[in-house]
Amino acid sequence: MTVLCQIGDIPDSGSRGFQIDGRALFAVHHQGRYFVYENRCPHRGVPLEWLPDQFLDYERNFIQCATHGALFKIDSGECIAGPCNGQHLMAVPFDLVDGALVLTGS
Ligand code: FES
């Protein structure tokens, strides 16, 4: 069982990056829900963030890749604009356990 963080560590409309067991991941807190993805743009395979823990666009409505500006839906990881339109971020399975984001699976 790998604890990513406490839910209080990510403010609403916020995001946070992690290095866990050699994997680059990030989590987003959006409208009371949480989402975890691998930190890898499907376009070029590079990390997504603009600055540490900054994965969202200016309005905080989409995940945005810093390299070429691709926009991804927060709830599905689907790219809806940019060079990887129609591709998806890789979702990472997790559970909420006692107020913490806990990775499940491998
Ligand atoms: S590397 Fe992300 S849009 Fe090109």
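Predicted, not measured: the structure shown is a model, and the values here were computed from it. Order of appearance sets the numbers: ligands from 1, and atoms from 1 within every ligand.
Arg40 places no side-chain N or O within 3.5 Å of a backbone atom of Val46 that could act as its donor or acceptor partner. Looking only at distances, no side-chain donor or acceptor of Asp53 sits under 3.5 Å from a matching main-chain atom of Ser15.
Within the coordination shell of atom 4 (Fe) of ligand 1, defined by N, O or S atoms under 2.8 Å, His43 is present. For atom 4 (Fe) of ligand 1, the N/O/S atoms of His68 include one lying under 2.8 Å.
The only option from Val3, Leu25, Asp21 that meets the side chain to side chain contact (heavy atoms under 4.5 Å, CB included) definition with Leu103 turns out to be Leu25.
Atom numbering of ligand 1 starts at 1 in the shown order; those under 4.0 Å from a heavy atom of Arg44 are 1 (S). Within ligand 1, counting atoms from 1 as listed, the ones closer than 4.0 Å to a heavy atom of Cys41 are 1 (S), 2 (Fe), 3 (S). Close contacts between ligand 1 and Val46 involve ligand atoms 1 (S) [criterion: under 4.0 Å to a heavy atom].
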Does the pair Phe72 and Leu48 meet the rule for a side chain to side chain contact (heavy atoms under 4.5 Å, CB included), with working shown?
CA-CA 11 Å; Phe72 303 87; Leu48 294 154; 3.9 Å; yes

Stepwise side chain to side chain contact (heavy atoms under 4.5 Å, CB included) test for Val102 and Leu4
CA-CA 6 Å; Val102 178; Leu4 205 55; over 6 Å; no

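At a 4.0 Å heavy-atom cut-off, ligand 1 touches Pro83 through the side chain alone.
Side-chain atoms of Asp12 and Gln31 include no donor-acceptor pair closer than 3.5 Å.
Nearest-residue assignment for atom 2 (Fe) of ligand 1 (options Cys79, Gly69, Cys65; heavy-atom criterion): Cys65.
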